[in-house]
Structures are given as C-alpha cells and as structure tokens.
Amino acid sequence: MNLSEDEVKQLERFRFSKKRMISPLSIRLDQLHDERELAIYLQLVQQKIGARNQMVSASIFMKRYSFFIAIVLYAMSVWNKRLSSSFQQIWMETDIESKMWMPTFRFESLTYTTVSENRDKWRTQIIEHLFAGHLALLIEQLRKTTHISPLILWENVSIYIIWLYETLIGENECCDVCQQIYDDFLFVVQKADGKLFGPYSQNPLYRFWKGESRIQRTTCCLFYQTTKQSHCKICPIR
C-alpha cells in the first residue's frame, strides 16, 4: 500500500520530501557506507557549513541525519506502519541554493506494510534493521573516516529521538495511541537489547536519557566550530 497525501504532509515536519534536488550534496543512503563516497561527502558538508574539520562535519551530519530516523519511528509508533526502507531507494537531498544546510529525505517508494500479529516482534525487526543494519554501520564508518567519538554521534541521534517521542506523547495524550507511543519510547531508549543497535552489549541510547523532559547533553556536538560559532542551548560546555 502507498502513503496518502495527508500522511506525506504529516511526515514533512521531519524533512520528508518527494522533491528530487540536483546537488553535489544529494546522495543515496547506501552510498554513505562506502568509505570513499563518505569522505567526499563530508568534505562537501565541511565547505557548506564552514566546519573547522571533518570531525565537526561528521557530528553536524549526524544531527541532520537523525530526521531520517524520526521519519521511520513516527510511522511505526503513530500509524503502525513500516515504511519501505531499502537504503538503495532513499535519498538525502539538499537545496544547494539554501544558505543553511537542512537536507530532506526522499523515498523513491512510498509503500508500507502494516503491523503483524505480534507487534513486539514486528517492532524489534524494525529497530534492528534501522539501527544495527544501517545506523551503527554508518557511525562506525564516520569514526574510521574522521576519528570522531561514537558517543557524540549516538547522543546526536538520542536527542532527536527523545524530542520526537516527547512531542508525540504531548500531542496524543488524549488519544488511544498514546500508550503505544510511550511503550515504543521506553523500548527504543531503554529496554531494547544492545544487539538491536549493532555490536553493543547495552542499548547505546540509554546512557543519554536522563528522564522525561530533562534533555541535557553530556558530549558537545561541536556546532560552535562552524560558521555559526555558537553553542547549542543544551551544550555541556557553554
């Protein structure tokens, strides 16, 4: 089945887009796993955002990339839908004319499947595919390419996941789906086994969750080392 126009509209808040953009900073997600392709891409990001070095580029890249994670989790938790997430058919698109680097995500296929009879098993499969099968590999490649600490990258992801779920819980507190959203939230940031996120004995997101509505970073995302030269509101060193 295909997403409706209304559903597409809802996903646009997380930078979902159907628009193809011709730009050096537009890239298919599976290409990011290639060492050479990733290094070239990070150089382009560095130039675009005025980053001091590629370590900074890697951190800001992961902050922007986290919206892709939000798109998949939103569909799972709110709609009980698993988006077609073949990484060979999803693009990170950039409007080269824009001064700020705020990429969008274009899915070549707008198809989805619905929850199976066993939702817990279904949810586990989505998380493992998204994190262990993709994000953990990308984080490791970023570490090898730039020598950035994976802790910074995982915290970048965790900030957006926590923001996503706390926003959804607030928006749906009077709806039947609220408990499901909350249960998914706890599963993703706390209860899910570390192996669902890659070669980890513990959930790499759990260390960054400090309780509801208490978002405070433990690592610096290095944003101040871009042309903006400013710290985030929750920066631990500002």
Can you find a side-chain donor-acceptor pair between Ser109 and Gln89 that sits under 3.5 Å? no

So CG of Leu205 and CD1 of Ile159: to nearest 0.5 Å the spacing works out to 10.5 Å

Ser84 side chain to Tyr112 side chain, donor-acceptor N/O pair below 3.5 angstrom = no

Asp30 meets the side-chain contact (heavy atoms from CB on, under 4.5 Å) criterion, sequence neighbours left out, with Arg28, Phe87, Gln88

### Residues Arg123, Asp120: salt bridge by 4.0 Å N-O rule
yes

| said: Tell me whether the NZ or CZ atom of Arg15 lies within the 45° cone about the ring axis of Phe67 and under 6.0 Å from its centre. | reply: yes

Report task. Before accepting this row, confirm whether a basic side-chain N of the pair Lys191/Asp183 lies closer than 4.0 Å to the acidic partner's carboxylate O. Result -> no

### Message
Looking at Asn118, I'd like to know if its CG atom is crowded, meaning that more than 12 non-hydrogen atoms belonging to other residues, nucleotides or ligands lie closer than 6.0 Å.
### Response
yes

For a quick check under 3.5 Å, do Asn80 and Gln180 share a side-chain donor-acceptor pair by atom type? yes

Stacked cation flag Lys63 on Phe223, 6.0 angstrom / 45 deg
yes

I want to know whether Trp154 and Tyr206 have ring centres closer than 6.0 Å. no

So CG of Leu3 and NZ of Lys18: to nearest 0.5 Å the spacing works out to 9.5 Å

Check your understanding: Got more than 12 heavy atoms from elsewhere within 6.0 Å of NZ, Lys81?
Key -> yes

Open item on the list: Could you check whether any side-chain heavy atom of Lys19 comes within less than 4.5 Å of a side-chain heavy atom of Glu93, counting everything from C-beta outward?
Closed with: no

Discussion item. Before you tell me yes or no, could you show the steps for Ile69 and Tyr160 under side-chain contact (heavy atoms from CB on, under 4.5 Å), namely the whole-Å CA-CA distance, both residues' side-chain angles and the distance that decides it to 0.1 Å?
Written reply: CA-CA 9 Å; Ile69 307 299; Tyr160 284 93; over 6 Å; no

- Task: For the pair Phe68 and Leu130, evaluate side-chain contact (heavy atoms from CB on, under 4.5 Å) and give the outcome as yes or no after the intermediate values.
- Result: CA-CA 10 Å; Phe68 165 65; Leu130 179 63; 3.8 Å; yes

Here the gap from Ile71 atom CD1 to Leu83 atom CG, rounded to the nearest 0.5 Å, amounts to 8.0 Å

Checklist entry - Less than 4.0 Å between a side-chain N and a carboxylate O, is that true for Glu12 and Arg106? => result no

Under 4.0 Å between a side-chain nitrogen and a carboxylate oxygen: does that hold for Glu155 and Arg207?
no

